[in-house]
Amino acid sequence: AAVELEREHGSLLRAMGAKRKARAKGEQKPPVACSFEGGMQRSVDVLRACVAARVKSGQRVTSVAGGGASAYRVRTASGEEYRARTLCLALPAAAAAHALQGFDAELAAELQGIEAVSVACTYVGFDASALDAARFEGFGFLAPQGVSPVLGAIDCTALFADHAPPGKRLFRVMSGGFAHPSEVERDDAALQEQGCATLRRALGVRGDPDFVHTTRARDAIAQPNRGHARRLERIRARLARHAGLSLRGASYRRVALPAQWMRGGSTP
């Protein structure tokens, strides 16, 4: 999204100014969050049901060869090989770079240049009475950079009421990012203690949580650093040399899955 804003307005600062003016005029629609009953896993389950027995799970791709007048040959860590006239690599940029290293070294180098950061997420559930509603209005907050490894928190139930039982509130506290990459290596107990302390300090949450759970997303959030738009142009130019080869995923334009479903949201 940042890449598209920079391309449209010339800089992120000008883009933010334009958005403020649009909001003032009532021209900009508020952002819409979406999910499914049962969570985002539902989208994966439906896709799996559509392709049924053609899914080969647990097959790590190690290399790609062929192309041109012949079929692409995809080799896996188990030694199996698959052939296809068209090939879509829906992989993180670093994984796609590894697979394409022997096929197109220039394309692999461009993909390797897309940096990604890791994030630890601690989910904390409280009784609704533990939160002073008068003190907290909204669906979350961002933490000041440099104060702690915590990036911010989201009140999941403010966005999706069915993400917690009736009378309960579920928060997601996020930590890590580019400034604190070691956060994902901390143990669950330390992250959960940090998450609870953050909610007590920032929102005045009282008492002990009813539920805690920690997940880690390693190298999951692409960083559109300076020159990212030009890098995508070079990637598209290299892909144009290989008929039937395409890339998809969160490494290129949009990170959120619903945003990737938008036209062009998942392509370089």
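Excluded from the calculations below are hydrogen atoms, water molecules and symmetry mates; all remaining heavy atoms, backbone and side chain alike, are included. Positions are given from 1, in the same order as the sequence printed here.
- Between the side chain of Gln260 and the backbone N or O of Val255 there is at least one donor-acceptor pair closer than 3.5 Å.
- Between the Arg248 side chain and the Gly265 main chain, no donor and acceptor come within less than 3.5 Å of each other.
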Candidate pair Leu247 and Leu111, rule side chain to side chain contact (heavy atoms under 4.5 Å, CB included), full reasoning: CA-CA 10 Å; Leu247 300 171; Leu111 293 171; 3.8 Å; yes
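- At least one donor-acceptor pair under 3.5 Å links the side chain of Arg253 to the backbone N or O of Thr267.
- Ionic pairing of Arg200 and Asp208 is present here: one or more N-O contacts between side-chain nitrogen and carboxylate oxygen are shorter than 4.0 angstrom.
- Under the 4.5 Å side-chain heavy-atom criterion for ILVMFWY residues, a single connected hydrophobic cluster contains both Phe178 and Met174.
- Residues Lys168 and Asp127 have side chains in contact (heavy-atom distance under 4.5 Å, counting atoms from C-beta outward).
- At least one side-chain heavy atom of His163 sits under 4.5 Å from a side-chain heavy atom of Ser35.
- Atoms CG and NE2, on Leu191 and His213 in that order, are 12.0 Å from each other to the nearest 0.5 Å.
- Using a 4.5 Å heavy-atom cutoff, the side chains of Ile235 and Ile114 are in contact.
- Across all non-hydrogen atoms, the minimal contact from Ser129 to Arg206 is O-NH2, 2.6 Å.
- In terms of heavy-atom proximity, Gly138 sits nearest to Ala158 at O-CB, 3.9 Å.
- Scanning for side chain to side chain donor-acceptor pair (under 3.5 Å) contacts around Asp162 gives an empty result, with sequence neighbours left out.
- Residues Asp104 and Leu245 fail the side-chain proximity criterion, which asks for heavy atoms closer than 4.5 Å.
- The closest side-chain heavy-atom distance from Phe36 to Val46 is not below 4.5 Å.
- Hydrophobic clustering, with ILVMFWY side chains joined whenever heavy atoms are under 4.5 angstrom apart, groups Val205 together with Val150.
- Counting only heavy atoms from C-beta outward, the side chains of Gln59 and Tyr82 approach each other to under 4.5 Å.
- Remark: Leu107 CG to Gln101 CD distance equals 10.0 Å, nearest 0.5 Å.
- One distance of note links CZ of Arg230 with CD of Glu110; it measures 11.5 Å at 0.5 Å rounding.
- Remark: side-chain polar atoms of Ser175 are not paired, donor with acceptor, to backbone N or O of Leu151 under 3.5 angstrom.
- Both Leu87 and Leu100 belong to a common hydrophobic cluster when Ile, Leu, Val, Met, Phe, Trp and Tyr are linked at side-chain heavy-atom distances under 4.5 angstrom.
- Using a 4.5 Å heavy-atom cutoff, the side chains of Thr122 and Gln194 are not in contact.
- Side-chain heavy atoms closer than 4.5 Å link hydrophobic residues (I, L, V, M, F, W, Y) into clusters, and following such links, possibly through other members, connects Leu89 to Leu232.
- When all heavy atoms of Gln112 and Ala97 are compared, the closest pair comes out as OE1-CB, 3.5 Å.
- Shortest non-hydrogen contact noted between Pro224 and Ala222 is CD-O, 3.5 Å.
- Residues Val55 and Val44 do not share a hydrophobic cluster, clusters being chains of Ile/Leu/Val/Met/Phe/Trp/Tyr side chains in contact below 4.5 Å.
- The distance from the CG atom of Leu203 to the CZ atom of Phe171 is 5.5 Å, given to the nearest 0.5 Å.
- Judged purely by atom type and a 3.5 angstrom limit, Asp187 uses its side chain to pair as donor or acceptor with the backbone of Ala190.
- A distance of 11.0 Å separates CD of Gln223 from OG of Ser251, quoted to the nearest 0.5 Å.
- Using a distance-only test at 3.5 Å, with no hydrogens or angles considered, a donor-acceptor pair links the side chain of Arg218 to the main chain of Val184.
- In this pair, Phe103 and His242 present their aromatic rings tilted. The plane angle is within the 30 to 60° band.
- Judged as a side chain to side chain donor-acceptor pair (under 3.5 Å), and not counting sequence neighbours, the contacts of Arg216 are Asp188.
- Here the straight-line distance linking atom CZ of Arg83 with atom CZ of Arg75 works out to 8.0 Å at 0.5 Å rounding.
- His228 places a side-chain N or O within donor-acceptor distance of the main-chain N or O of Tyr252, the cut-off being under 3.5 Å.
- Looking at heavy atoms from C-beta onward, Asp219 lies out of side-chain contact with Pro92 at the 4.5 angstrom threshold.
- Under the side chain to side chain contact (heavy atoms under 4.5 Å, CB included) test applied with Phe126, the options Leu131, Leu170, Leu199 reduce to a single match, Leu199.
- Residues Glu183 and Arg186 are paired through a salt bridge, judged by an N-O separation under 4.0 Å between the basic side chain and the carboxylate.
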